[in-house]
Amino acid sequence: MSEFTNVAEIFGSNVFNDGVMQERLPKKVYRELKKTIEEGKELDLATADVIAHEMKEWAIEKGATHYTHWFQPLTGVTAEKHDSFISAPNVEGKVLMSFSGKELIKGEPDASSFPSGGLRATFEARGYTAWDCTSPAFVRQDAAGATLCIPTAFCSYTGEALDQKTPLLRSMEAINTQALRLLRLFGNTTSRKVTPSVGPEQEYFLIDKAKYLQRKDLIYTGRTLFGAMPPKGQELEDHYFGNIRQRIAAFMKEVNEELWKLGVTAKTQHNEVAPAQHELAPIYAEANVAVDHNQIVMKTLKMVACRHGMQCLLHEKPFAGVNGSGKHNNWSVTTDDGINLLDPGTTPHENVQFLLVLACILKAVDTHADLLRESAADVGNDHRLGANEAPPAIISVFLGEQLEDVVEQLVSTGSATHSLTGGKLRTGVKTLPDLTKDATDRNRTSPFAFTGNKFEFRMVGSKDSIASPNTVLNTIVAEAFAEACEVLEKADDFETAVHDLIKIYLNDHQRIIFNGNGYSDEWVEEAARRGLPNLKSMVDAIPALTTDKAVALFERFRVFTRAELEARAEIQYETYAKAINIEAKAMIDIASKQIIPAVVKYTKSLADTVNAVTAAGVEAAVQAELLSETSDLLKETKDALGKLAVLDRKSESIPEGKELAHYFHDVVVPAMAGLRAPVDALEMIVDKEMWPMPSYGDLMFEV
């Protein structure tokens with residue numbers, strides 16, 4: 001894109017969006033498709049054939065030769081199988097380009113080769129991808145050429161969800177149904193649809209590609225398994241919102257252009273706290289579209305980084321000692337006619353509908369805090385949560401001064417008579433205007449914070465799909481709405497009943513509200529006193545998926561069956577064990593083949609120096625002391641390496657699943673830390689020219 005090109009001219013240019021459909025589809029076909037998108041009406045094959053033909057023609061004009069059903073299996077990344085548009089040659093030997101409605105609506109990837117938690121056996125291979133017409137198709141342009149990507153759901157031959165999208169779509173239907181039910185009680189007869197809207201902020205690191213290729217740990221695991229801190233980290237806080245370097249700015253410019261073409265509303269970009277760390281944030285979209293867009297964002301960040309000779313790291317903790325990366329999931333609920341159910345208005349104490357919605361969300365989060373925590377559980381996130389750089393592993397809700405004051409009024413006196421206002425911020429500089437203050441501050445330490453007209457779930461890991469946390473959020477809030485409706489629909493006096501219900505919910509679930517410092521030890525103690533769960537690791541969080549409470553919740557709203565939940569728990573255990581096993585084997589490989597040989601070479605050099613100096617009649621005490629220190633650390637490294645190798649081999653005899661995951665967490669992870677410690681100490685001693693890999697300083701500051 002030329003620097004003078006208007007963004008509006010390219011935005012969505014590679015998306016088969018509503019404007020393109022209106023232009024290319026016959027009016028009747030367009031109306032039928034809109035009914036499917038907005039009302040869930042089944043699409044007949046004849047209509048699908050017309051849509052498929054026009055989609056193909058549009059894609060070919062964009063240079064596409066292939067199409068793919070683009071889906072999100074339980075691997076954490078997207079998947080796709082490419083088919084060309086060509087059909088069998090005609091009698092003249094000329095190839096024809098075709099794409100049918102059946103090919104648009106349904107695909108058949110192998111379901112046995114993706115994680116299924118036992119839902120599919122190797123000999124039971126059939127699975128289906130089904131077109132999600134609520135998320136627009138798009139043409140992706142990369143080294144493979146141009147490909148028509150059709151967002152789809154993925155399920156097994158027997159109907160179980162094998163992906164992230166299917167449960168998300170089910171949860172969106174659940175919250176839509178229950179939210180409309182609630183709105184009708186308040187006399188709203190005009191809103192026809194309620195949709196969760198999501199805006200995920202994406203954090204990431206950028207490092208030089210050539211240096212990345214010299215780090216086996218980054219290649220194999222996405223994070224550095226060894227590495228001593230450089231003299232400067234993030235102590236000066238000068239990187240955050242700092243001037244964006246030219247190489248990074250060029251990267252960001254191209255990322256924006258690629259995303260805008262694909263209809264992703266990339267809006268905000270800046271340097272993050274840690275050196276080499278950055279952030280990108282879009283404007284809100286409907287939850288399933290936001291999930292698709294975030295996958296596109298992650299893919300685009302990696303693709304464009306390669307073009308610029310860099311590597312994008314999406315791991316939650318690529319470098320020890322500096323902040324890791326998260327993905328803040330901003331969530332709200334809006335109607336098709338523009339009503340945000342989380343907008344408190346200027347006088348929230350008088351906004352009864354908002355207060356009920358707020359009370360329901362507090363109830364939902366308190367009741368299912370373990371599930372919400374599990375939805376952000378990830379191997380990499382274990383390095384962040386509770387580590388004084390990200391929210392603690394304890395779920396709590398930050399409301400801010402204004403809403404907390406309203407809640408306290410309702411709980412203590414039974415009624416709220418006022419709302420705190422923001423007032424004026426006076427700078428004390430005559431040439432600067434006085435600013436209108438918000439009614440409440442922000443709290444970066446809260447995992448679930450109210451931020452004006454939305455909730456920000458700050459726990460999600462940087463490389464994770466946002467489908468899981470939004471599926472949980474939608475479902476637990478749908479349950480709270482449903483239970484409120486069950487009470488209010490039976491009430492003789494609605495106004496009295498709704499006020500009583502708000503007070504009951506706030507009183508019963510006030511323990512989940514915390515406006516203080518979530519990083520403090522005092523909060524850990526206070527949370528325990530309140531009875532809030534503190535699930536410190538991924539393996540501690542996984543059991544939340546299969547409790548009777550969770551099963552009852554998800555089965556009631558047809559989001560998951562018990563079998564699907566048990567399968568996901570099994571996959572989570574397997575994922576954890578496999579990830580740590582890869583990290584352990586990578587440490588063994590690197591320490592054995594790179595670090596120990598390098599240190600041996602250095603000690604030999606030192607020994608030769610000691611002998612030469614001594615032979616010359618000069619005292620070599622310093623050199624000898626350095627040799628002794630290095631040799632001691634080398635022995636400690638060799639011993640720790642041997643211990644880790646033995647423990648890793650022992651894992652082969654432990655049954656897969658929960659037991660193996662706990663073994664890796666409780667036994668192998670501490671042994672990995674035991675190996676890292678002497679190696680990092682050696683890095684501070686050994687000649688840099690002899691050290692076998694780029695240092696933290698090389699990686700974070702030389703981009």
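No experiment lies behind these values; they were computed from the predicted model shown.
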Which atoms form the tightest heavy-atom contact between [X] and [Y], and what is the distance?
X	Y	value
Pro151	Pro136	CG-O, 3.6 Å
Thr75	Pro115	CG2-CD, 3.4 Å
Arg556	Ala482	NH2-CB, 3.6 Å
Pro344	Asn351	O-ND2, 3.2 Å
Val460	Asp464	CG1-CB, 4.3 Å
Ala393	Asn534	CB-OD1, 3.8 Å

Tell me whether [X] is salt-bridged to [Y], with the criterion being a basic N under 4.0 Å from an acidic carboxylate O.
X	Y	answer
Glu526	Arg529	yes
Asp366	Arg511	yes
Arg223	Glu583	yes

Positive for side chain to side chain contact (heavy atoms under 4.5 Å, CB included) with Phe664, one of Val539, Ile580, Val379: Ile580
Is the closest side-chain heavy-atom distance between [X] and [Y] below 4.5 Å?
X	Y	value
Ser537	Tyr576	no
Lys299	Gln295	no
Leu355	Leu410	yes
Asn470	Asn329	yes
Leu532	Ile395	no
Val524	Pro392	no
Arg245	Phe251	no
Ser468	Gln164	yes

Kindly write out the residues that satisfy ring pair (Phe, Tyr, Trp, His ring centres under 6.0 Å) with [X], not counting sequence neighbours, or none if the list is empty.
X	result
Phe481	none
Phe71	Phe114, Phe154
Phe205	Phe319
Trp70	Phe138

Between atom [atom1] of [X] and atom [atom2] of [Y], what is the distance when rounded to the nearest 0.5 Å?
X	Y	atom1	atom2	value
Leu356	Leu506	CG	CG	9.5 Å
Thr134	Asn288	OG1	CG	4.0 Å
Thr334	Asp343	OG1	CG	11.5 Å
Leu699	Leu206	CG	CG	12.5 Å
Thr195	Ile175	OG1	CD1	9.5 Å
Ser171	Phe557	OG	CZ	11.0 Å

Please confirm whether the backbone N or O of [Y] pairs with a side-chain atom of [X], one donor and one acceptor, at under 3.5 Å?
X	Y	answer
Arg568	Leu74	no
Asn340	Asn453	yes
Trp331	Pro196	no
Ser520	Asn517	yes
Asn381	Met459	yes
Ser465	Gly76	no
Arg384	Lys317	no
Ser332	Lys454	no
Asp382	Met538	yes
Glu374	Ile542	no

Evaluate side-chain contact (heavy atoms from CB on, under 4.5 Å) for Trp523 paired with Thr445, printing each intermediate quantity in order. CA-CA 11 Å; Trp523 167 234; Thr445 71; over 6 Å; no
Among Lys463, Gln572, His383, side chain to side chain donor-acceptor pair (under 3.5 Å) partner for Asp378: Lys463
Indicate whether the side chain of [X] and that of [Y] have a donor and an acceptor atom separated by less than 3.5 Å.
X	Y	answer
Glu272	Asn323	no
Gln269	Asn256	yes
Tyr696	Thr224	yes

Using a cut-off of 6.0 Å, state whether more than 12 heavy atoms not belonging to Lys232 lie near its atom NZ. yes
Counting only heavy atoms from other residues, nucleotides and ligands, does the tally under 6.0 Å from NZ of Lys193 exceed 12?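 Enclosed.
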Ring-plane angle category for Phe455 and Phe450, please: parallel below 30°, perpendicular beyond 60°, tilted otherwise.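 Plane angle over 60°, so perpendicular.
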Sorted by first residue and then second, give each salt bridge (charged side-chain N to carboxylate O under 4.0 Å, His left out) pair with at least one member in residues 280-295; sequence neighbours left out. Lys165-Asp292
In sequence, state the C-alpha distance, the side-chain angles, and the governing distance for Met310 and Val703, and then conclude on side-chain contact (heavy atoms from CB on, under 4.5 Å). CA-CA 8 Å; Met310 295 185 287; Val703 185; 3.7 Å; yes
State which residues pass side chain to side chain contact (heavy atoms under 4.5 Å, CB included) with Glu201; sequence neighbours excluded, sorted by chain then number.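 By the side chain to side chain contact (heavy atoms under 4.5 Å, CB included) rule, Glu201 matches Glu279, Ala281, His328, Asn330, Glu456.
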When you look at Phe457 and Ile466, which way does the side-chain contact (heavy atoms from CB on, under 4.5 Å) test go after all the steps? CA-CA 10 Å; Phe457 185 39; Ile466 58 171; over 6 Å; no
Is there a side-chain contact (heavy atoms from CB on, under 4.5 Å) between Lys549 and Asp370? Walk through the geometry before answering. CA-CA 11 Å; Lys549 178 185 66 171; Asp370 56 343; 3.2 Å; yes
